Amino acid sequence: MEPNLPDVVLWSIPAFVLLTVIEMVSYRFHPDEDAAGYETKDAATSLTMGLGSLGFDLLWKIPILAIYMGVYELTPLRVPVVWWTVLLMLLAQDFFYYWSHRGHHVIRILWACHVVHHSSRKFNLTTALRQPWTSATVWPFYLPLVACGVHPAALAFCQSANLVYQFWVHTERVGKLPRPFEYVLNTPSHHRVHHASQGSYLDRNYGGILIIWDRMFGSFAAETERPVYGLTKNISTHNPLRVATHEYAAIARDVRAAGSWSERAGRVFRGPGWQPAPKPGAVPVSGEAPASAPVRGDVPVPAPVRGEVPVPASAPAPAPEPTR
């Protein structure tokens, strides 16, 4: 029997609109010269990407739902949908969201989908709506939940709740919250770090609702300096189609120019900033960083702080190489 759970995204749309208007008005009456704020074309692009993602998601959901239902019918396990199991499912979904989000930063073909969300140089509530049109790469990360007996409808509810929670963390109008909240939850401060392009902030704070996964798995960074938003090599377009596909086009160019099958595989499945090892005796291009100094795109990677787990290099280099 399919669980009867509310469509939390649909019910949240009025709140999305109201909060966005309030944020816009707040910049009008209380401007902050250091904040990224709003820009009309950028906000319009974010809204267009969000509306487009709704349509494309309907297409992707048909085959994905078929796979999920097939797995659900094959497993003998069943998780009942009652209040306390819903809380556990939300916790489990947030855990798998962390790994999905992290995977979409460190595997280039997945980054090509997620880069859309990071492509704005602004950071406001409309940025939350800048969603990809190729989200079909997300579903494999949640197969373990379905295999454990979570009904696909219950999983969809948890994913929607996670998405709705993350709307409010896309703002510069909220400073740091009291320490207990900052320690456990994903907050605007933590998510500003995630959207920043500085080398010390890259590939950090993947959590959806909870930030504890980042603390546990070595990907947490606190907000210490004001973030600079966007990619290490920003795109200069507001064309929604180009925003949605520019990294796929960059991958195609790199694969076409690759000199071996191993390099082609690396261009697709390694990190966004991956480069093949130089051939013995090759002379570095003038200005190129030596092999001992890894880079993410055009931002040098700092030495890891003691106790931190180093994060793989994962940002693209200038065009025609991948953007990050």
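Along the sequence shown, residues carry numbers from 1. The structure presented is a predicted model; accordingly, all values stated were derived computationally and were not measured.
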Practice prompt. Run the numbers on Val268 and Ile251 for side-chain contact (heavy atoms from CB on, under 4.5 Å), then give the verdict.
Written response: CA-CA 7 Å; Val268 176; Ile251 291 175; 4.0 Å; yes
Discussion item. Quick check with a 6.0 Å cut-off and a 45 degree axis cone: is Arg173 positioned over the face of Tyr27's six-membered ring?
Written reply: yes
Worksheet entry | Salt bridge flag under 4.0 Å for residues Asp254 and Arg108 | yes
Worksheet item: Hey, any chance Val228 and Val115 share a hydrophobic cluster, counting ILVMFWY side chains that come within less than 4.5 Å of each other, even indirectly?
Response: no
Practice prompt. Check whether Trp11 and Leu125 end up in the same hydrophobic cluster, where Ile, Leu, Val, Met, Phe, Trp and Tyr are linked by side-chain heavy atoms less than 4.5 Å apart.
Written response: no
Worksheet item: Taking Arg264 for the side chain and Gly259 for the main chain, is one N or O donor matched with an acceptor at less than 3.5 Å?
Response: no
Discussion item. Quick check: closest heavy atoms across Gly175 and Glu182, and the distance to 0.1 Å?
Written reply: O-OE2, 4.4 Å
Item to complete: State yes or no: do Met49 and Leu51 share one hydrophobic cluster built from I, L, V, M, F, W and Y residues joined by side-chain heavy-atom distances below 4.5 Å, directly or via other members?
Response: no
Discussion item. Which heavy atom of Val79 sits nearest to which heavy atom of Cys148, and what is that distance?
Written reply: CG2-O, 3.5 Å
Discussion item. Looking at Thr45 and His238, would you say the former's side chain and the latter's main chain have a donor-acceptor pair under 3.5 Å?
Written reply: yes
Discussion item. Apply side-chain contact (heavy atoms from CB on, under 4.5 Å) to residues Met89 and Thr85 and explain how you reach the verdict.
Written reply: CA-CA 6 Å; Met89 285 188 283; Thr85 60; 4.1 Å; yes
Discussion item. side-chain contact (heavy atoms from CB on, under 4.5 Å) for Phe96 and Gln93? Distances and angles first, verdict last.
Written reply: CA-CA 5 Å; Phe96 285 107; Gln93 188 276 332; 6.0 Å; no
Discussion item. Apply side-chain contact (heavy atoms from CB on, under 4.5 Å) to residues Phe220 and Val193 and explain how you reach the verdict.
Written reply: CA-CA 9 Å; Phe220 175 75; Val193 168; over 6 Å; no
Worksheet item: Within the side chain of Asp57, is there an N or O that forms a donor-acceptor pair under 3.5 Å with the backbone of Leu54?
Response: no
Worksheet item: Between Thr126 and Asn124, is a side chain to side chain donor-acceptor pair (under 3.5 Å) present by the stated rule, with each step listed?
Response: CA-CA 5 Å; Thr126 64; Asn124 52 58; 2.4 Å; yes
Worksheet item: Are Val21 and Leu18 close enough that some pair of their side-chain heavy atoms sits under 4.5 Å apart?
Response: no
Discussion item. Would you say the rings of Trp99 and Phe217 are close, in the sense that their centroids are separated by under 6.0 Å?
Written reply: yes
Discussion item. Using ring centroids (six-membered ring only for Trp), state whether Tyr206 and Tyr97 fall under 6.0 Å.
Written reply: no
Worksheet item: Cut-off 3.5 Å, side chains only: do Ser189 and Thr187 have a donor facing an acceptor?
Response: no
Worksheet entry | Nearest-0.5 Å distance, CG of residue Leu129 to OG of residue Ser46 | 7.0 Å
Discussion item. For the CZ atom of Phe56 and the OG atom of Ser135, what is their distance to the nearest 0.5 Å?
Written reply: 10.0 Å
Discussion item. Tell me if the CZ atom of Arg242 is crowded by more than 12 foreign heavy atoms within 6.0 Å.
Written reply: no
Discussion item. Determine whether the aromatic ring centres of residues His194 and His191 are separated by less than 6.0 angstrom.
Written reply: yes
Item to complete: First locate atom CG of Leu143, then atom CG of Leu155, and finally report the distance between them rounded to the nearest 0.5 Å.
Response: 9.5 Å
Worksheet item: How many angstroms lie between atom CG of Leu163 and atom SG of Cys158, to the nearest 0.5 angstrom?
Response: 13.0 Å
Fill in: Non-hydrogen side-chain atoms of Leu91 and Phe95 separated by less than 4.5 Å
no
Practice prompt. Locate the shortest heavy-atom distance separating Ser200 from Ala221; write the atom from each residue and the value.
Written response: O-CB, 4.4 Å
Item to complete: Mind checking the CG-OH spacing from Leu185 to Tyr165? Nearest 0.5 Å is all I need.
Response: 4.0 Å
Practice prompt. Report yes if some heavy atom in the side chain of Arg102 is under 4.5 Å from a heavy atom in the side chain of Trp213; otherwise report no.
Written response: no
Worksheet item: Have Asn186 and Asn205 got a donor and an acceptor in their side chains that come within less than 3.5 Å?
Response: no
Worksheet item: Under a 4.5 Å cut-off applied to non-hydrogen side-chain atoms, are Glu263 and Trp274 in contact?
Response: yes
Worksheet item: Just checking, Arg192 and Tyr201: is the charged tip under 6.0 Å from the six-membered ring centre and within 45° of the axis?
Response: no
Worksheet, complete the sentence: Heavy atoms of Pro152 and Leu65 approach each other most closely as CB-CD1, 4.0 Å
Worksheet item: Linking I/L/V/M/F/W/Y whenever any side-chain heavy atoms sit under 4.5 Å apart, do Leu47 and Phe123 land together?
Response: no
Discussion item. Strictly distance-based, threshold 3.5 Å: is any side-chain N or O of Thr75 a donor or acceptor partner for the main-chain N or O of Val71?
Written reply: no
Worksheet item: Does the side chain of Glu223 come under 3.5 Å of the side chain of His190 through a donor N or O and an acceptor N or O?
Response: no
Discussion item. Any heavy-atom pair between the side chains of Tyr248 and Ile109 that's under 4.5 Å?
Written reply: yes
Worksheet item: Between Arg78 (side chain) and Tyr72 (backbone), is there a donor-acceptor pair under 3.5 Å?
Response: yes
Worksheet item: Can you find a heavy atom in the side chain of Ser197 that is under 4.5 Å from one in the side chain of Tyr229?
Response: no
Discussion item. Between Glu172 and Arg226, does any NZ, NE, NH1 or NH2 come within less than 4.0 Å of an OD or OE carboxylate oxygen?
Written reply: yes
Worksheet item: Where do Ser100 and Val138 come nearest, in terms of heavy atoms and distance?
Response: OG-CG1, 3.8 Å
Worksheet item: To the nearest 0.5 Å, how far apart are CZ in Phe167 and OG in Ser12?
Response: 9.5 Å
Worksheet item: Is Tyr183 reachable from Leu177 through a run of I, L, V, M, F, W or Y residues, each pair having side-chain heavy atoms under 4.5 Å apart?
Response: yes
Item to complete: Please tell me if the side chains of Val116 and Arg130 come closer than 4.5 Å, counting only heavy atoms from C-beta onward.
Response: yes
Practice prompt. State whether the side chain of Asn162 and the backbone N or O of Leu90 hold a donor-acceptor pair below 3.5 Å, judged by distance alone.
Written response: no
Worksheet item: Just by distance, do the side chain of Lys122 and the backbone of Ala36 share a donor-acceptor pair under 3.5 Å?
Response: yes
Discussion item. His104 and ring-ring contact (aromatic ring centres under 6.0 Å, His included): which single residue from Tyr98, Trp111, Phe141 fits?
Written reply: Phe141
Worksheet item: Between the side chains of His117 and His101, is a donor N or O closer than 3.5 angstrom to an acceptor N or O?
Response: no
Practice prompt. Taking atom types as modelled, find out whether Thr127 and His195 have a side-chain donor-acceptor pair closer than 3.5 angstrom.
Written response: no
Practice prompt. Find out whether Val243 and Thr237 are in side-chain contact, i.e. whether some heavy atom of one side chain is under 4.5 Å from a heavy atom of the other.
Written response: yes
Discussion item. Taking the ring of His105 and the ring of His118, is the distance between their centroids below 6.0 Å?
Written reply: yes
